Structure formats: C-alpha cells, structure tokens
Amino acid sequence: METVLSGIRPTGNLHIGNYYGAVTSFVRLQEEYKCFFFIADWHSLTTHPKPEDIRRSTRTILAEYLACGIDPQKSTIYIQSDVKEVLELYLYLNMNAYLGELERVTSFKEKARKQPDNVNAGLLTYPTLMAADILIHRANKVPVGKDQEQNMEMARLYANRFNNKYGKEYFPIPQSFSLVGQGVKIPGLDGSGKMGKSEGNCIYLCEEPSSIRKKVMRAVTDAGPQALNSEKPEVIQNLFTLLSVVSPKETYDYFDEKWNDMTLRYGDLKKQLAEDLINTLAPIRERILDFSSDTERLDRIALEGAEKAHESAAKTIRDVREIIGFRV
Ligand code: TRP
C-alpha cells in the first residue's frame, strides 16, 4: 500500500478553504492509503513563536483535524517534535544539501526579505527538514498546493542524491499529489481569488454563527445583474460557489434563476448563504469545541500517534545508519 504524508504548520485555525480544499480529501485518503498527518511545529520555529503560542496552536490544529474526521485509528496523526528521528535524518540530508541551491529557493528569498533581522539557518534549511519529514516514512505521495512545489522538488533532489550516493534505491521519490479536482477551491469573501488566512477573508471552521453572519453580509458584491442571463462577475460567482458547496441544489438553482431574470437581491442570497454555512459547520464546530475542551484526551491522542510515527521512523533511521556506515 502506498504511503501518503501531509504536514501543516500550526498557525491559527482551519478555515473552510482548508476544509473543502484539502481536509475532506485527507479524510477520504485514509481509506486507500497508509496516511501520516503531522503538525510541523519545528518548522514554525523559524519565526520564533512564544512557547504558549506553540502549545495552543498545536492543540488547536489537532482538535480541528480530529473534528473533521481524521481518524487516529486509520491514520497516524502526530506532532513533528515528538518524533526525534526526523532530526537525525535532517542532519544526514543537510550534509548533502548545498548552500547555493538552498539560497535559490524562492520562499527562502522571500522570508529573508521579510525578516532581514532573522535570516537563520533553520530558514535556509527549511527544505531539508521538510524532506526529512517526508523521507522518514519513505512516503510516496504528498498532497501539497502550488506554493510547496519547490520544496517538493528539493525533497526529490535529496532523495535522489542519497540513493545515488550510496548506490541504493532506498528512498522512494516522493510525488506531489495534487488535490485539484478532488478538493474544491473556496474563494474569499472579499471578491479576491482564494480564501486564505493572510488575506483576512476567511470563515473559520470554529467560527461563531453571529460572526459568520457578519462576515457574509459584508462580502463584496456589485451593482447587480445588468442583463438577462449574463455571466456572473467574479465577486458574485464566488458567492455562488460557496452556495454550491454548503446549500442544497434547489437553493442554488433558486438564486441562479433570480440572477438570470435579474430579480436577485444580494441581501437575500447572503442571508441564506450565512444560514447554510452555519448549519453545515455546526456539527464540525461542536466537535472542535468538544475536542478542545479536553486537552488530556488531545495529549493522549498525540502521544499514541507519536508512538506509531516513531516506530516507522526508527526503522528508517536504522536502515539509513547502516547504509551510511554507522553502528545500528
Ligand atoms: N511546508 C509546508 C507548508 O508550509 C508544511 C510542511 C512541513 C510539510 N513539512 C512538510 C508539508 C512535509 C508536506 C510534507 O505548508
């Protein structure tokens, strides 16, 4: 069975863009693959977060993943910093990672520009740590967005380099696994492209109903349909895309017809969209609150995940040490 692995940096709450774009696909992947889902808390250190923020945001993602249906019985869900074998592999990979190629990585150059006072070595070697995350379980497939493509290329480079250096096809070459076509791309509420935390146009999975109503009512629209059966401009199409995800088909068709015959009132559409969003998210939100309220249970789940991950990681490290020439 092929292995799928996905990592997420613990930076805030999951929004519906994450949910429909990726997490619902992860839930399905659990049935077909050996899956590893981990929280990349070491990666978050490149920006020097406070200890209490690390603890809180790690538990938050864990609770939200579980609430969405990532199942610790089917998958291995763990926190990166619990599995120390990753660091050993990180060291070995770093010995064959070259300054020039790491400096050329776009996200490194961007970060270095954004935080000129903190261009640390961890930032430079972010791609080798990510490669270690992937290779430690000898993963075959990694679901990532476009923004991670260059990091994936580096992971493939390091897997190949290791294999070539020791003349062994030890690491499978990890493939990027596009969820496009499987997941739905959720637009933002500000009329821009994608929903994203940094864009500030999100609806979070744990968001309170009153806040959802406010955000939806404030969503950007235009002056209204200008001709019968006209094409919808992007800002309006975005609202319809959201409707198509959370509302029954009849609701979508009802508003679509109103658009076509030019009787649509955006206020009505938004009110309905807000209620359907609230209803769709209600059970997830309830489960998030439930998991979040029991940190002991969360910590226990994390520990069990870490044990499973450790087992897989320790096997790889044993092999790698042997291949390199260390005592096992
Ligand atoms: N770099 C990824 C991101 O910012 C997070 C990540 C860390 C990751 N390690 C990974 C993703 C390994 C996939 C596989 O989104």
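When a ligand or atom number is given, it counts from 1 through the structure's own listing order. Keep in mind that what you see is a predicted model, and the values were worked out from it rather than measured.
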| task | Out of His43, Gln148, Met130, indicate the one that has the non-hydrogen atom closest to atom 12 (C) of ligand 1. | result | Met130
| Between Phe108 and Tyr126, is the gap from one ring center to the other below 6.0 Å? | no
| task | Report the part of Phe177 in contact with ligand 1, treating N, CA, C, O as backbone and CB onward as side chain, heavy atoms under 4.0 Å; options are side chain, backbone, both, neither. | result | neither
| Looking at Phe38, which atoms of ligand 1 are within less than 4.0 Å of one of its heavy atoms? | 9 (N), 10 (C), 12 (C)
| So, do Phe37 and Phe26 have ring centers that fall under 6.0 Å from each other? | yes
| Tell me, which protein residue and heavy-atom name are nearest atom 4 (O) of ligand 1, and how many Å apart are they? | Arg9 NE, 2.8 Å
| task | Go through the steps for Asn94 and Thr128 under the test side chain to side chain donor-acceptor pair (under 3.5 Å), then give the verdict. | result | CA-CA 6 Å; Asn94 269 332; Thr128 50; 2.7 Å; yes
| remark: The protein heavy atom nearest to atom 5 (C) of ligand 1 is Gly7 O, 3.7 Å
| query | To which protein heavy atom is atom 14 (C) of ligand 1 closest, and what is the distance rounded to 0.1 Å? | reply | Leu5 CD2, 3.5 Å
| said: Quick check: closest heavy atoms across Leu135 and Pro172, and the distance to 0.1 Å? | reply: CD2-O, 4.2 Å
| task | Starting from atom 9 (N) of ligand 1, find the nearest protein heavy-atom neighbour and note its residue, name and distance. | result | Asp133 OD2, 2.8 Å
| note | Going by the 4.0 angstrom heavy-atom rule, the piece of Ile134 near ligand 1 is side chain
| said: Can you tell whether the side chains of Arg287 and Glu64 come within less than 4.0 Å, N to carboxylate O? | reply: no
| message | Could you tell me, atom by atom, which parts of ligand 1 come under 4.0 Å of a heavy atom of Val142? | response | 13 (C), 14 (C)
| field | Ring centroid separation His137 to Tyr78 under 6.0 Å | value | yes
| query | Taking 4.0 angstrom as the limit, do Lys271 and Asp276 come out as a salt bridge? | reply | no
